[in-house]
Amino acid sequence: MSGMQRTVVFGVVAGALAHVASAQFNNNWVGFNEEPARLVAASNIGALDTQEKDYGVGDFDRDGWVDVICVRKEPFSTAGRRVNVLFMNERGTLVDRTAQFATGSDVAGDQGFLTPTNDRDVTITDVNLDGWLDVVTATTYGSGLPKAVSHPRVYLNLGQGPTGNWLGFFYESARIPTILNSGSPVTPDFCAVSAGDVTGDGYPDLYFVDYGNANDRLLINDGNGFFSDQTSTRLTQQMSESTGFGTSGEIRDLNGDGRNDLVKDMPGDVRAFYNNPNNQGFFLIQQSVYGGAGYHVASGDLNRDGRLDLVVSDDGADRYLYNTGNDGLGRVIWGPAKVFDFVSGFDDGFGGEAHVVDLDGDSWNDVLITDVDVDIPNCGSGRLHIYHNPGGVIGSQITLREEAGTSGWFGAVGLTPGDLSSTHDLAALDIDNDGDLDLVLGRCDTTNVWMNTTSCPAAVSFYCTAKVNSLGCTPEIGFRGEPSVSAASGFEINAHFVRNQKAGVLFYGVNGPANTPFQGGVMCVQGPVRRAITIDSGGAASPADNCSGVYRFDMAAFAAGALGGSPLPALSVAGTTVNCQFWGRDPGFAPPNNTTLSDALSYTTCP
């Protein structure tokens, strides 16, 4: 971070000891199990990665499984460029597919993700609203380097090819303008990037927070995914200045007026900039939110009142502030900066990135704060803190607590302080599609995958061979959620890469797998077989006859005989093994083989 040192207020760390809670030990509110086999990559970019890491997540190939991007650089305040990694989620396993899907570029000699860069942050957004998620990075330490590696990079998602195959990402240099100061090119030292529509035209704009070399930048989308620097006309000079070097920022609607605002963290000052309701896209009102030794700010609704609250990681004790409404000028009235409670122990200072996510699926957002300050070498000095939101009265100022004891980790079962030490960043995503959030932890010397065990296990296996359809696409069956027998579970079977706008059904039964020739393919479900009609076809909006169809089947509803499905009472009994396969019409084949068939899956119901 430009080599600058921050003032650290150690006194507030000691002060946090006064907030140790008198809560009961062994409140096992969430559970995790480490599963190294879920990450498949060379050790230096995977399990034994020693570089600084930051993550972005999204379903990039639209197959129903959330993927992960890891941007990397040499750790701390150094300019060692590193390659980025694309981990594609292949039915619950994160596999390095960088070389296959992320090397395209319009710059001679550039290899996309495999071109080393000093990326410190990444955001996932659809820059051109074509329905495919793109990638935007924030670069730093690019002095003396060409624009392609010194400036932020937009990797366009190329979408699906004619046979349903995903085409990957392609770097296009012209999508980001050359950053200028007083008319001369300048190398940005960006630490953070956030995407969101600030102008009201529906297209995501970009907000970059800088250490101070180029100041913060607001880049506006032209409606085609190309950006122009309009900072000087939309922000006041004071809003864009990063003399104290900015470290994080977000585009969010803080005051709930339907227009996106900006929030930014600099040491000593968290600031909010409010979008002008009478001239959308222009920011005139500035508010100082928090004046401690803040390092990172994240937003999220902590008390389910529909308002965005703030979490601030601090060089001392981390804080969170509740949004209590608006004043007459439309500014948020922030509650007092609260410190987190601890069953035992205390905040060990030097917080890193903050994340607001619901780990235990109770609809109350929890908070995770990493411990590595990327400006100052401090690996081993702390650990990731996981703060439990116990819920309460909606709208009240709920106290969040770390449920941990001095002799081990109690609340987040399976994790120990050693498992959480020296964490740069994390990705919280549903790796195995069972409905709860798993964790990828990017630590100083490792990358670890921890699977959430809160929900009942999906116990899903795939078998049989799909019939390639007449367009050359291979239909693929999948699932989402936990296979609970509860009617409210929402457990879903889905089919991807099938012909859109064509009729489809789900075959399902409980009498074991099969491998029987059927209409030019293989029937993988043994009779008696039930049928469930399509309830959603994601590709129906496309006029093209392609493989963009996505069909979804609510198994709890079919168990009750709803939605046109054939009742199967055994689906409502825990411990039942169910086999499923998708069947769809395919007019490209001659009768009687004018159908397509996916592969099959088997799952076991749980209570």
Side-chain angles (χ1 to χ4, degrees), residues 33-41 46-47 55 57-70 85-102 133 160 163-166 168 427-440 447 449-453 455-469 473-483 490-498 506-508 513 515 522 524-525 538 547-553 555 577-582 596-606:
N33 182 54
E34 186 176 12
E35 298 187 18
R38 298 273 185 177
L39 189 72
V40 177
Y55 297 103
V57 302
D59 183 3
F60 304 128
D61 59 355
R62 302 202 319 201
D63 67 346
W65 299 82
V66 180
D67 312 300
V68 177
I69 282 173
C70 177
V85 186
L86 171 63
F87 291 106
M88 297 304 295
N89 189 337
E90 299 180 359
R91 291 183 166 180
T93 301
L94 301 176
V95 182
D96 171 24
R97 297 297 185 193
T98 312
Q100 293 94 326
F101 296 116
L133 292 174
Q160 193 178 69
T163 61
N165 56 309
W166 184 56
L429 70 153
D430 186 1
I431 295 175
D432 55 357
N433 267 357
D434 66 350
D436 53 29
L437 293 177
D438 311 301
L439 296 175
V440 177
T447 300
V449 177
W450 291 86
M451 304 303 293
N452 195 322
T453 60
S455 64
C456 69
V460 171
S461 60
F462 297 92
Y463 68 97
C464 214
T465 301
K467 175 186 176 184
V468 176
N469 69 25
C473 310
T474 302
E476 183 176 283
I477 199 166
F479 71 97
R480 183 171 296 279
E482 60 179 48
F491 181 62
E492 171 192 295
I493 301 295
N494 50 59
H496 292 256
F497 311 126
V498 296
L506 185 75
F507 291 144
Y508 58 103
N515 190 14
V522 177
C524 307
V525 181
C547 298
S548 65
V550 180
Y551 296 88
R552 310 181 191 282
F553 304 89
M555 298 309 292
T577 298
V578 185
N579 304 295
C580 303
Q581 183 180 26
F582 176 80
T596 186
L597 290 159
S598 73
D599 57 345
L601 65 78
S602 178
Y603 73 91
T604 302
T605 58
C606 58

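Annotation for C473 and P475: closest pair O-CD, 3.3 Å, computed over non-hydrogen atoms. The heavy-atom pair separating N579 from S602 by the smallest distance is OD1-OG, 3.1 Å. Listed here is the closest heavy atom pair of T447 and L39: CG2-CD2, 3.9 Å. Residues L133 and D59 approach most closely at CD1-N, 3.9 Å, considering heavy atoms. Between G478 and F462, the closest heavy-atom pair is CA-CE2, 4.4 Å. Considering every non-hydrogen atom in both A600 and I477, the closest pair reads C-CG2, 3.9 Å.
Contacts of R62 classified as salt bridge (charged side-chain N to carboxylate O under 4.0 Å, His left out), with partners at least two apart in sequence or in another chain: none.
Without hydrogens or angle criteria, N89 side chain to I431 main chain gives a donor-acceptor distance under 3.5 Å. Remark: the backbone N or O of A466 is not paired with any side-chain donor or acceptor of D599 at under 3.5 angstrom. For the pair Y463 (side chain) and C524 (backbone), a donor-acceptor distance under 3.5 Å is present. Listed for the D434 side chain is no donor-acceptor partner under 3.5 Å among the backbone atoms of E482. With T98 contributing its side chain and L86 its backbone, the two residues share a donor-acceptor pair below 3.5 Å.
A distance of 10.5 Å separates CG of N494 from SG of C580, quoted to the nearest 0.5 Å. Separation of atoms CZ (R552) and NE2 (H496) is listed at 5.5 Å; rounding is to 0.5 Å. Residue D63 holds its CG atom at 5.0 Å from CZ of F497, rounded to the nearest 0.5 Å.
Aromatic ring centres of F479 and W65 lie closer together than 6.0 Å. Ring centroids of F491 and Y603 are separated by less than 6.0 Å, placing the two rings close together. Checked against a 6.0 Å centroid threshold, the rings of W166 and F60 do not count as neighbours.
Here the side chains of T93 and V40 are in contact, with some heavy-atom distance below 4.5 Å.
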Practice prompt. Quick one: do D61 and R97 satisfy salt bridge (charged side-chain N to carboxylate O under 4.0 Å, His left out)? Show the steps, please.
Written response: CA-CA 12 Å; D61 59 355; R97 297 297 185 193; over 6 Å; no
Practice prompt. Evaluate side chain to side chain contact (heavy atoms under 4.5 Å, CB included) for M451 paired with V449, printing each intermediate quantity in order.
Written response: CA-CA 7 Å; M451 304 303 293; V449 177; 3.9 Å; yes
